[in-house]
There are 2 protein chains.
Amino acid sequence: MTLDLSVDRSSPVPLYFQLSQQLEAAIEHGTLTPGSLLGNEIELAARLGLSRPTVRQAIQSLVDKGLLVRRRGVGTQVVHSQVKRPLELSSLYDDLETAGQRPATKVIVNTLVPASAEVAAALGVAEDSDVHRVERLRLAHGEPMAYLCNFIPPGLLDLDTAQLESTGLYRLMRSAGITLHSARQSIGARAATAAEAERLAEEEGAPLLTMQRVTFDDTGRAVEFGTHTYRPTRYSFEFQLLVRP
Amino acid sequence: MTLDLSVDRSSPVPLYFQLSQQLEAAIEHGTLTPGSLLGNEIELAARLGLSRPTVRQAIQSLVDKGLLVRRRGVGTQVVHSQVKRPLELSSLYDDLETAGQRPATKVIVNTLVPASAEVAAALGVAEDSDVHRVERLRLAHGEPMAYLCNFIPPGLLDLDTAQLESTGLYRLMRSAGITLHSARQSIGARAATAAEAERLAEEEGAPLLTMQRVTFDDTGRAVEFGTHTYRPTRYSFEFQLLVRP
DNA sequence: GTAGTCAGATTGTCCAGACATATGCATTGA
DNA sequence: TCAATGCATATGTCTGGACAATCTGACTAC
């Protein structure tokens, strides 16, 4: 099995990144089969005309993604597991779109409201200060799938209703120059109230999947607080976790 | 603010790890306040008598944990957010114990069964081959909290009922020399069946939080497949996610 | 035959530097 | 006044090498 790897030194893309992408593609494509050894770092570095730290950096990024496993004295192997998708801070919109579900969004509420104690605490703003409140119904194949209620501190971005209906909130934030960094999530379940049931075309008392999330940007500022309810027959949270060594 | 950092070169603990632990402790302890600059890498390296790559490795590990943010041309800052706990592949038992809930476990079933198609696919074993089936009721403060049904490939570890009642499954695996690596999870919700309701002291049709998980060890072998149901009034999944740049 | 030992292979850690590139601020120019 | 330029500063990328720790497998001694 010969793997043809090469790097382009005239490209502005970092060498380690070029290499890690090629390796990832080879794993995805099946050229590198699960369990196979990758060949030792020194020989690989020599073959590509790179230094060993650069090759290590490429390999390390794939180890962090959970695609490779290194073992001292043995080598670097491709992991056996079938599913490779790592856990990401994902947006429901993107999730649906990549799943080919053609999501649609209906904005129900888009206004400024005084922050409640809970919202103020989550966003780190003063109680009763103005925050944006956005309520949206997310549909897939014309069927209601989730009801999203979000609070956003003022001044961060324009919340245009038309834009909110044509794309996701995270995508809007990113295009407004906000670098998302981390989020604190809580996933639970409860019975639907009459109002919730109505919105999601379920029956009162039907089980709902709930998610609360506070999202932080790269400076640690809270940029969004959301309370979402999902129809569990239409949506579940799927992700892969890695153990922190 | 002078931060007293030092490394012990005679220790077998890697230097970058010593440094990252000290920095993490300083952040945890509040000596390094959120938003404060860490000081540039070169000066830090000189102060500690380390090389810059070593200092970078220490800092990088904290960036990966979400405690620090680097910005080119600016410096490295401590993140503002309050909550630092990263997402981990957690065990319910450990979760409860660290929350001071004194978990108890009652083993309902502990036997060998032929693998169903679903179990065989999840564990990567032949259909109808023998696998362990363990069903447990997890209680906190004497109240039922979750019903855990797990399948484990044979030959990996002793499944002693007494041990299963006194500790968690993950802890048993670790002490059997299995290195947990990653898990594929799916979290959803549904209405309780009559049997489930009975086991969890809920009513039929009550909403339940469900989790399915396949856990892999460091070679990519599936070591456990579990189907869990939680009482949503007693338990929810809480974690922090990081954005992959 | 079994256990202990040793050598080879491979990754882990660490070093000392070089150049590239993005950021923020002060200075300069229109 | 305001925009463009330039500079200092910091992190990002990369090199080439050194020694240590660990795993595997083969060999040796009992």
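Atom set for the values below is all heavy atoms of this structure, side chains included, hydrogens, waters and symmetry mates excluded. This one's a predicted model, so the numbers in the text were calculated from it and none came from an experiment. Protein chains get the first letters and strands the later ones, always in sequence-line order, with residue 1 at the start of each.
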Got a sec: does the CG of B:D158 have more than 12 other heavy atoms crowding it under 6.0 Å? no
Rounded to whole Å, CD of A:Q60 lies from P of D:dC14 at a distance of 16 Å
To the nearest Å, how far apart are A:L48 CG and D:dG16 P? 13 Å
Would you mind reading off the distance between A:L44 atom CG and C:dT10 atom P, rounded to a whole angstrom? 12 Å
Interatomic distance where CD belongs to A:Q57 and P belongs to D:dG12 [whole Å]: 10 Å
Are the side chain of B:Q22 and the backbone N or O of B:S6 linked by a donor-acceptor pair below 3.5 Å? yes
Identify the heavy atoms of B:E165 and B:V107 that sit nearest to each other, and give their distance. OE2-N, 2.7 Å
Identify, with sequence neighbours excluded, every residue that meets side-chain contact (heavy atoms from CB on, under 4.5 Å) alongside B:P14. B:Y16, B:F17
Under 4.0 Å from OP1 or OP2 of D:dC14: is there any side-chain N or O of A:Y16 that close? no
Within the structure, does a side-chain N or O atom of A:R52 lie under 4.0 Å from either OP1 or OP2 of D:dT15? no
Minimum-distance nucleotide (side-chain atoms of A:S51 versus C:dC15, D:dT11, D:dC14): D:dC14
Identify, between B:G49 and A:G39, the residue whose nearest nucleotide on DNA chain C lies closer to the 5' end. A:G39
Distance check needed: D:dT13 P versus B:I42 CD1, whole Å only. 15 Å
Give a yes or no answer on whether the side chain of B:S116 reaches the backbone of B:V119 with a donor-acceptor pair at less than 3.5 Å. yes
Short side-chain N/O contact from B:T76 to OP1 or OP2 of D:dT11, under 4.0 Å: yes
So which heavy atom on B:R9 is nearest to which on B:G49, and how close? NH1-O, 3.3 Å
Can a side chain N or O of B:R70 be found less than 4.0 Å away from OP1 or OP2 on D:dG12? yes
Between D:dT11 atom C1' and B:L38 atom CG, what is the distance in whole Å? 12 Å
Would you kindly compare B:E41 and A:F17 by the position of their nearest DNA chain D nucleotide and give the one closer to the 5′ end? B:E41
Nearest whole Å is fine: how far is C:dA16 C1' from B:R56 CZ? 15 Å
When you measure from the side chain of B:D217 to the backbone N and O of B:V223, does any donor-acceptor pair fall under 3.5 Å? no
Choose from D:dT11, C:dA16, C:dT13 the nucleotide whose nearest atom is closest to any side-chain atom of B:P14. C:dT13
Closest nucleotide of DNA chain C for B:V13 versus for A:P12: which of these residues is on the 5' side? B:V13
Measure the distance from CG on A:L15 to P on D:dC14 and round it to the nearest whole Å. 4 Å
For nucleotides 23-26 of chain D, give me every protein contact, N/O to N/O, under 3.5 Å, one pair per line with atom names.
unit_1 : atom_1 : unit_2 : atom_2 : d
D:dC23 : O4'    : A:R72  : O      : 3.2

